[in-house]
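Inspection log for the structure reproduced underneath, given as C-alpha cells.
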Amino acid sequence: MKRLVMALFAGAATLSAGLTSAHADAARGREVYTKVGCYQCHGFEGQGANTGPRIGPEPIDVEALKSFLRNASATAMPPYSEKLVSDGDVADIHAFLASVKKPPAAKDIPLLNNR
Amino acid sequence: MHEGAPAVSRRNFLAVAAASGAAAVATPGGHAEAQGVAALAKSAPVQAPDHAQMEAEIGTPIKVAATMAEPGGRPGSDYMVDVLRALDIDYVATNPASSCRGLHESINNYAMNKKPELLTAMHEEVATAMAHGYAKVSGKPMGLLFHGTVGIQHAVMAFYNAWCDRVPMLVMSGNHVDAAHRPPGIPTTHAAQDPLALVRDFTKWDDQPGSLQAAVESLTRAHKVAMTPPYGPVCISLDAHLQEGSAPAGQIRIPKVSRVSPAQAASEDLREAARLLVAAQNPVIVVDRGARTHAFQAMLVELAELLGAAVVDQLGRQNFPSHHPLNQTSRARGVATAADVILGLELNDFWGIVNSYSDVAEPRQGRRIKEGVRLISINSRDLFLKSNYQDFQRFQEVDLAMAADAEASLPGLIEAVKAALTPEARAAAAKRTAAHGTAVAKQLERMIGVDATYAWDASPISTARLSAELWAVIKNEDWALVSRDVRLSNWPHRFWTFDKPYQYIGDSGGAGQGYGMGAAIGAALAHREHGRFVVNLQGDGDLMYGPGALWSAVHHRIPLMTVMHNNRAYHQEVMHVQRVGNWRDRGVERAHIGTTIEKPHVDFATLARSMGMEGIGPIVDPADLGPALRRAAQIVKAGDPVMVDVVSQPR
C-alpha cells in the first residue's frame with residue numbers, strides 16, 4: 001500500500017512549493033495528530049491497527065502525505081481538506097510521525113519470541 | 001422488577017394472610033390479591049379478622065382457579081420444574097419478578113435450587129447475555145425467568161443478539177391474562193394480552209398456554225424448536241394462575257423429550273458439491289457459525305486438508321485452528337479473489353464475500369471475486385427466516401444452495417470428496433496446502449516480528465503488547481477466550497494458538513452493546529465444571545450498559561479474568577462521526593463529543609471492588625501489565641473473578 005501511495009503522489013512533491021520538515025514542530029504535530037483524529041485509526045503512535053495502516057516512524061514524504069490527506073477520498077480513509085488540516089498542520093504531523101521512537105527489534109522482546 | 005410498589009398496609013396484609021392460612025381462603029392470585037386487599041384497609045387490625053370482617057373487606061371470595069388449596073394438589077409451577085428437569089436445564093437466570101413468583105418459589109423450595117439453580121442478575125439484558133454465552137460453551141439452553149412486560153422489555157436487545165447469533169435459550173415470563181380476576185395495580189400494569197408480540201420478530205417461537213397441561217407441552221415444544229438448527233431463542237408466557245394454581249398429582253403428564261436430528265443436505269447435492277470442489281484449482285471454504293458442537297472443527301480440518309482448500313474463518317465460532325497452514329483468514333481478500341469455487345458454511349453474509357462495499361462519502365459497490373466462480377452454500381438459516389429485521393443480509397445467488405445444517409452435512413460431504421478424489425487431485429491439494437502454509441507463515445512472521453513491535457512501549461498500551469502479555473500468562477493453562485478480539489485488531493487470533501474446539505465462541509451476533517460481561521459470565525460458568533482458565537477481553541463502553549453483571553460473577557463465584565480494553569470511548573462511533581465530519585468538510589475536532597468516555601474516566605478497578613470483585617488498575621505503564629496479569633491469574637486459579645483495567649490504544 002505504501003508503495004502505491006508513494007507512486008500516486010510522487011508527482012506532488014516536485015510541484016508544490018515545498019514545506020519541509022525542517023520548519024516543522026513535532027510536539028505540536030503530536031497534538032494536532034490527536035486533535036484531528038489520526039490516532040483513531042492509526043493509533044496514538046501511528047503504529048497501525050485493523051482500522052488503518054502503520055504510518056510512523058519513517059512516514060511517507062511530507063508532500064506525499066499532504067496529497068494523500070487531500071485526496072484520500074479515493075481510499076478507505078476520509079479526506080482532510082486544507083480547511084480541516086492546514087499545510088502547516090500537515091508538516092507538523094509529519095514531523096511528529098518522523099519523530100516517533102523506532103521500536104525495539106522483535107528479537108530483543110522475549111514475549112515475541114517464546115510463543 | 002419494578003420500582004415504587006404502592007404502599008401496602010403491611011400489618012393488615014400479614015394479619016389477613018395469617019388468618020386465612022395457606023388453605024382457608026381460596027383467594028385467587030394469593031399474595032398479590034392480598035396486597036390489593038390490604039391496600040384498601042384504612043387501619044391495621046391488631047387481631048385476625050373473622051369471616052364476616054373478611055367479607056366486609058374483600059367481598060365474597062370468588063373461586064377463579066384451582067389453587068394450592070386443592071386437596072391433593074401439586075403446585076402448577078412444580079410441574080414446570082419437572083419439565084425443566086426433563087429438559088436437562090441446569091440454570092435459570094432471573095431478575096426477580098412477582099408475575100414469576102410461583103415458579104421462582106418452586107425452584108427455591110421444590111427443586112431446592114438444584115437443577116435448575118437460579119442465577120441472580122441485575123438486569124434482564126445481562127441475564128440474557130449470560131444465557132447467550134453459556135449456550136455457546138455448554139451446547140444447551142439456559143432458562144430465563146422474567147416479568148412478561150417490564151422484564152421482557154429490558155431483555156429485548158439481548159434476544160436480538162441471540163437470534164442473530166443462532167443461540168438457543170428458553171425464556172419463561174409471567175403474566176396475568178385474566179382481567180376479571182387478576183390483582184389490580186401493578187400486576188395489572190404488568191399484564192399484557194400478547195406480551196411476547198414485542199419479541200416475535202426475532203425469536204423462533206412463542207406461546208402463552210391456557211392450561212397446565214398445555215404449559216408443560218409448550219415448554220417441551222419450545223425447547224425442541226430452540227434446539228433444532230438454526231438454533232434460536234424461544235419464549236413461553238406462563239400465566240401466574242398456572243404457576244400458582246395446582247393439579248392433582250398424576251393429572252399432568254410431562255412429555256418425553258427426544259433429541260432432534262438436524263437436517264442434512266441431500267446426498268446428490270453433496271456429491272455435486274464434492275465434484276466441483278475436487279475439480280477446483282483454488283477451492284476456498286468460508287465459514288461463519290459453522291461449529292454448532294465441538295465435533296465440527298475436526299471435520300472441517302479433514303475436509304480442508306483433503307481439498308487443500310484455503311479456509312477463511314469469519315470467527316462466528318471456533319471453526320478452524322488459528323494456525324493451521326490452511327487457515328488463510330488473514331489473507332482473506334487475496335484468497336477470495338483467486339478462488340474458482342467457494343463453499344460457504346453457515347454464512348450470514350455470502351454477499352459480502354462476493355462483493356465489496358466501501359463506506360466512503362459516495363458509497364461504492366463492486367464485485368470482489370472473479371466472474372464465473374462457482375458458489376456453494378450449506379446454511380441452516382435457509383430453513384428458517386423472519387421478515388422484519390434484516391440480519392439475513394443482502395441476497396446472494398449461488399450455484400448450489402443446500403438448506404441444511406452444515407455440521408450435520410459435513411460427514412456426507414467428506415465421504416463424497418474422498419470418493420471423487422483422484423491421485424492427481426490429492427497431489428494438487430498437497431501442493432496447495434504447502435503454498436498456503438508458506439504464504440501465511442511469512443505473513444505471520446511479519447505481523448509478529450515487525451508489526452507487533454511498533455508502540456511496544458507506548459502508553460496507552462498497544463493491543464499487540466496486551467495480547468502478548470496475556471498470552472504469556474495463559475498459554476500453559478487450559479484456557480478459553482469468551483469474547484471477540486476484533487477491537488484489539490485481532491491480535492489474540494494472530495498471536496495465540498486457538499486449536500481446541502472450546503477456546504473461542506464468537507461475538508454477540510446482533511452487535512448490540514451490553515453483551516460482553518454477561519456473556520462472559522455465562523460462558524465462564526459453563527467452563528467452570530471443566531476447570532478451564534477463562535479470559536474475557538471486555539470493552540469499556542459495553543460494560544457500562546450493565547455493570548451489575550460484575551456482582552453476579554462474584555455472587556455465583558465464577559472464575560473469570562476480565563481484561564478491560566479501556567480505550568475510554570465508544571471508539572467505533574468516534575471513527576464514524578469523524579468520517580462524516582471529514583466528508584462534509586466541516587470539522588474533525590469534535591468527534592469526541594457524545595462518543596468518548598472521559599471527564600471523568602471510569603475507574604473500573606474500583607467499580608469491580610464495589611461489588612466484591614478484586615480490581616487491578618488502571619494499568620497505564622506497559623511495564624506494570626505483566627505483573628498485574630500474573631496476580632490476576634492467581635485469583636482466577638483460586639476460583640474467583642477478577643478485573644484488570646488496562647488503559648489501551650483504541651484498536
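Chain identifiers are assigned alphabetically (A, B, ...) following the order of the sequence lines, protein sequences preceding nucleic acid strands; residue numbering begins at 1 within each chain.
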Engaged part of [X] at the chain A interface, taking heavy atoms whose separation is under 4.5 Å:
| X | answer |
| --- | --- |
| B/Ala361 | neither |
| B/Val574 | both |
| B/Val486 | both |

List the atom of [X], the atom of [Y], and the distance in Å for their closest heavy-atom pair.
| X | Y | result |
| --- | --- | --- |
| B/Pro618 | B/Val647 | CB-CG2, 3.9 Å |
| B/Leu326 | B/Phe320 | C-CE2, 3.9 Å |
| A/Pro79 | A/Leu84 | O-CD1, 4.3 Å |
| B/Pro492 | B/Leu537 | CG-CD1, 3.8 Å |
| B/Val577 | B/Ala591 | CG1-CA, 3.9 Å |
| A/Ile93 | A/Val36 | CD1-CG2, 4.4 Å |

| Side chain, backbone, both or neither: which part of A/Leu111 has a heavy atom under 4.5 Å from chain B? | both

| field | Most contacts with chain B, counted as non-hydrogen pairs under 4.5 angstrom, among A/Cys41, A/Ala105, A/Ala76, A/Gly43 | value |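 Max contact count across the listed options: A/Ala76.
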
Short donor-acceptor contacts under 3.5 Å linking chain A with chain B:
from: A/Val36; atom 1: O; to: B/Gln578; atom 2: NE2; distance (Å): 2.6
from: A/Gln40; atom 1: O; to: B/His571; atom 2: NE2; distance (Å): 2.9
from: A/Gln40; atom 1: NE2; to: B/Gln578; atom 2: OE1; distance (Å): 2.9
from: A/Phe44; atom 1: N; to: B/Gln649; atom 2: OE1; distance (Å): 2.8
from: A/Gln47; atom 1: NE2; to: B/Gln649; atom 2: OE1; distance (Å): 3.0
from: A/Asn50; atom 1: N; to: B/Ser489; atom 2: OG; distance (Å): 3.0
from: A/Asn50; atom 1: OD1; to: B/Ser489; atom 2: OG; distance (Å): 3.2
from: A/Asn50; atom 1: ND2; to: B/Val486; atom 2: O; distance (Å): 2.9
from: A/Arg54; atom 1: NH1; to: B/Asp451; atom 2: OD1; distance (Å): 2.8
from: A/Ala76; atom 1: O; to: B/Arg579; atom 2: NH1; distance (Å): 3.1
from: A/Ala76; atom 1: O; to: B/Arg579; atom 2: NH2; distance (Å): 3.3
from: A/Pro79; atom 1: O; to: B/Asn582; atom 2: ND2; distance (Å): 2.9
from: A/Tyr80; atom 1: OH; to: B/Gln578; atom 2: NE2; distance (Å): 3.0
from: A/Ser81; atom 1: OG; to: B/Asp585; atom 2: OD1; distance (Å): 2.4
from: A/Ser81; atom 1: OG; to: B/Asp585; atom 2: OD2; distance (Å): 3.4
from: A/Lys83; atom 1: NZ; to: B/Asp585; atom 2: O; distance (Å): 2.6
from: A/Asn114; atom 1: O; to: B/Lys475; atom 2: NZ; distance (Å): 2.4
from: A/Arg115; atom 1: NE; to: B/Phe495; atom 2: O; distance (Å): 3.3
from: A/Arg115; atom 1: NH2; to: B/Phe495; atom 2: O; distance (Å): 3.3

| Side chains of B/Leu444 and B/Val440: closer than 4.5 Å at any heavy-atom pair? | no

| Should B/Val644 and B/Ile619 count as side-chain neighbours, where that means a heavy-atom distance under 4.5 Å? |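 In short, these two side chains touch, coming nearer than 4.5 Å.
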
